[in-house]
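I have placed the structure first, in the form of structure tokens, so that the comments after it can refer back to it.
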Amino acid sequence: MSIKIHDSAVRRIVQLETAEPGRVSMYVCGPTVYGFVHVGNARTFVWFDMIRRYLIYRGFDVTYVLNYTDVDDKIIDRARLEKITPEELASDCGRAFEQDMAALGVRPPDILCKATDHIAEMVNAIEGLVDKEFAYEADGDVFFAIERFAGYGSLSHRSIDDLRAGERIEPRASKRHPLDFALWKSAKEDEPSWSSPWGPGRPGWHIECSVMSVKYLGMGFDIHGGGSDLVFPHHENEKAQAEALTASKPFARHWMHSGMVQTESEKMSKSLGNVVVAHDVLARLPGEVVRYWALSSSYRSQVLFSEPVLHDAEQGYARWKTFFDAARYALGDEFPVRPDAPVRRVGEEGDGLVARFIESLDEDFNSARAFATIHDLVREGNKHLDATQRGDTEARATLIDATAAFLELTSVLGFSFTDTNAEGSGLRDQLIEYLLELRTEARGEQAFERADAIRVRLSDMGVVIEDTASGPRWRVSDEGR
RNA sequence: GGCGACGUGCCCGAGUGGUUUAGGGAGCGGUCUGCAAAACCGCGUACACGGGUUCGAUUCCCGUCGUCGCCUCCA
């Protein structure tokens, strides 16, 4: 088990070194629940889901923690706008998030934690930081004093001077240093608040992740993930808080950051107003297609979200699904439902395609290469379809191997294929079969017009007919589901 | 201004100091088919530009140009 990852703290590819052999603890910054997540968000969560699945596949015992930031200025503002309470808004958006994630094949985390369930722990942590003089109070607010923490900026590779040079906002007058950030914000009128030694208020943005990650995984947990726009200030601040409070380090052993999604030539971002909400995309495309798009290039690179790119994903995924359907038809009862023993010898050269798949993902999760091996697997399987249907037992054995490997590898990537034909009623199937009989008869009589008419009508209803060596095969397309 | 990433064939997108092709999409040609569809086979000889290192660079180094990200809430 030798897995390499790009660690953004050191900016290079390193060996994954976990605190305990065979176990991986990972914390990923989840959504701020005040609206639907956009596809950039979604891509990050799909990616960490895949990483989690892969680590499990490679034998690690993985603990995956995801948080909801459910107390925040934007939640308060939006709730006010919609005339509902912030709690209602947060729980609605949490539910919507879970729906979207389910559609994308993202498994729920092992631990889902919410900021509002950890206010007391956060207050405790802030008190600790004040005691140790890493933080100070000013008019009911509490700030973290970055100058007191040696090494501030080390995660994002910035010096305090560099950061000041790029300042774009007027610093608060009550801060001692312009880059000091809020741990606790005093409540204004009509805002949700909790009591604290500094008066009623709510926690600042970063503290919840420090507190919750350490609570559930302990200092020195293995992987901290999120989008690359969180490196500074969010992750830098999380790290400073946690290491200052516990007087120990590291906060996280490895940091992984996913690249930003862009539309046209701009980053997709809520503040730029150019977001495409995942919910809308999922309303018109299967989640698998979006997942295919998300995973078909490196998690670290910036990627484009556009119609042509979605089309590529749609076609690529369709190739897999078509193979699945064809293999199911050709193999019948011998279709490998769940591969118990991994098949490692398909595509016989070297160690085969499964080995190449593993080798690829071991190297900082090179999913593009992993996808290529699955496409090769599909080609290998497709080559043996016709012969299988003609009764060639050797071809059949190869097809079974290829299919088993295909199912295994795609499931590692989080794709599950379902037999769309099986979703209908027995009556429907009988009717389709009957129409196929009529069509076969017509073809026998050279009445091709009649035969083609049946095919067209069925196709309009979402039932695709394909003539094969051993007779016509039908399948229900996505439109027909 | 500081920090960083990237620039690969029509498009998306891996990768490598030379010997063997990433892969997908689109296109063209072929096989199969009554016709389709699916599938399979074949094809395009790509690595921003200019220097340098090297026997040899798309791959290393320097520079130029360009694109994008972070430095503000953001996945």
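Labels below follow one simple rule: chain letters A, B, ... track the order of the sequence lines, proteins then strands, and each chain is numbered from 1. Computed from a predicted structure; not experimentally measured. Values below: every heavy atom of this structure, side chains too, minus hydrogens, waters and symmetry copies.
For CD of A:E394, the number of neighbouring non-hydrogen atoms (other residues, nucleotides, ligands) closer than 6.0 Å is 12 at most.
Among the protein residues, A:D73 comes within range of no part of the nucleic acid, since none of its heavy atoms lies under 4.0 Å from any strand.
Here B:C3 is the nucleotide among B:C3, B:G24, B:C70 with the atom lying nearest to any side-chain atom of A:R11. The side chain of A:F448 sits closest to B:G34 out of B:C68, B:G34, B:G24. Set against B:A14, B:G25, B:G69, the side chain of A:S297 has B:A14 as its closest nucleotide. Taking the side chain of A:D229 as heavy atoms from C-beta on, and the options B:C73, B:C70, B:G69, the nearest nucleotide is B:C70. Taking the side chain of A:S301 as heavy atoms from C-beta on, and the options B:C73, B:A75, B:A14, the nearest nucleotide is B:A14. Each of B:C70, B:G34, B:G24 was ranked by its minimum atom distance to the side chain of A:R443; first place goes to B:G34.
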Nucleotide-level pairing of RNA chain B, given in dot-bracket where Watson-Crick and G-U pairs need both distances under 3.5 Å and | marks other strands: (((((((..(((.....[....))).(((((.......)))))....(((((..]....))))))))))))....

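Residue A:A451 is the one, among A:T32 and A:A451, whose nearest nucleotide of RNA chain B lies closer to the 5' end (criterion: closest heavy atom). Along RNA chain B, the nucleotide nearest to A:V231 and the one nearest to A:G30 differ in position, and the one closer to the 5' end is contacted by A:V231.
Looking at residues two or more places apart in sequence or on another chain, you find a side chain to side chain donor-acceptor pair (under 3.5 Å) between A:H257 and A:S8, A:H235.
Contacts classified as salt bridge (charged side-chain N to carboxylate O under 4.0 Å, His left out) and involving residues 89-109 of chain A (residues at least two apart or in different chains) are given here: A:D92-A:R95. Counting only residues at least two apart or on different chains, the salt bridge (charged side-chain N to carboxylate O under 4.0 Å, His left out) pairs with a member in residues 453-464 of chain A are A:D452-A:R455. Applying the side chain to side chain donor-acceptor pair (under 3.5 Å) definition to pairs two or more places apart or across chains, those involving residues 42-53 of chain A are A:T44-A:S258, A:D49-A:R53, A:D49-A:R291, A:R52-A:D110.
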Got a list of protein N/O to nucleotides 36-45 of chain B N/O distances below 3.5 Å?
from, atom 1, to, atom 2, distance (Å)
B:A36, N6, A:D467, O, 3.4
B:A36, N1, A:D467, N, 3.1
B:A36, N3, A:R455, NH1, 3.0
B:A37, O2', A:E466, OE2, 3.3
B:A37, N1, A:D467, O, 3.4
B:A39, O3', A:N382, ND2, 3.1
B:C40, OP1, A:R319, NH2, 3.3
B:C40, OP1, A:N382, ND2, 3.3
B:C40, OP2, A:R319, NH1, 3.3

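Ring centers of A:Y292 and A:F371: under 6.0 Å apart, within the cut-off. Aromatic rings of A:Y317 and A:F324 (six-membered ring for Trp) have centroids beyond the 6.0 Å cut-off, not under it. Aromatic rings of A:F251 and A:F221 (six-membered ring for Trp) have centroids within the 6.0 Å cut-off, being under it.
Contact annotation: A:S296 side-chain N/O to B:A14 OP1/OP2 distance is not under 4.0 Å. For the OP1/OP2 pair of B:C6 and a distance below 4.0 Å, the side-chain nitrogens and oxygens of A:Q302 include no atom meeting the criterion.
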Evaluate the criterion salt bridge (Lys or Arg N to Asp or Glu O under 4.0 Å) for residue pair A:D376 and A:R379; output intermediate values, then yes/no. CA-CA 5 Å; A:D376 287 347; A:R379 183 176 314 104; 3.3 Å; yes

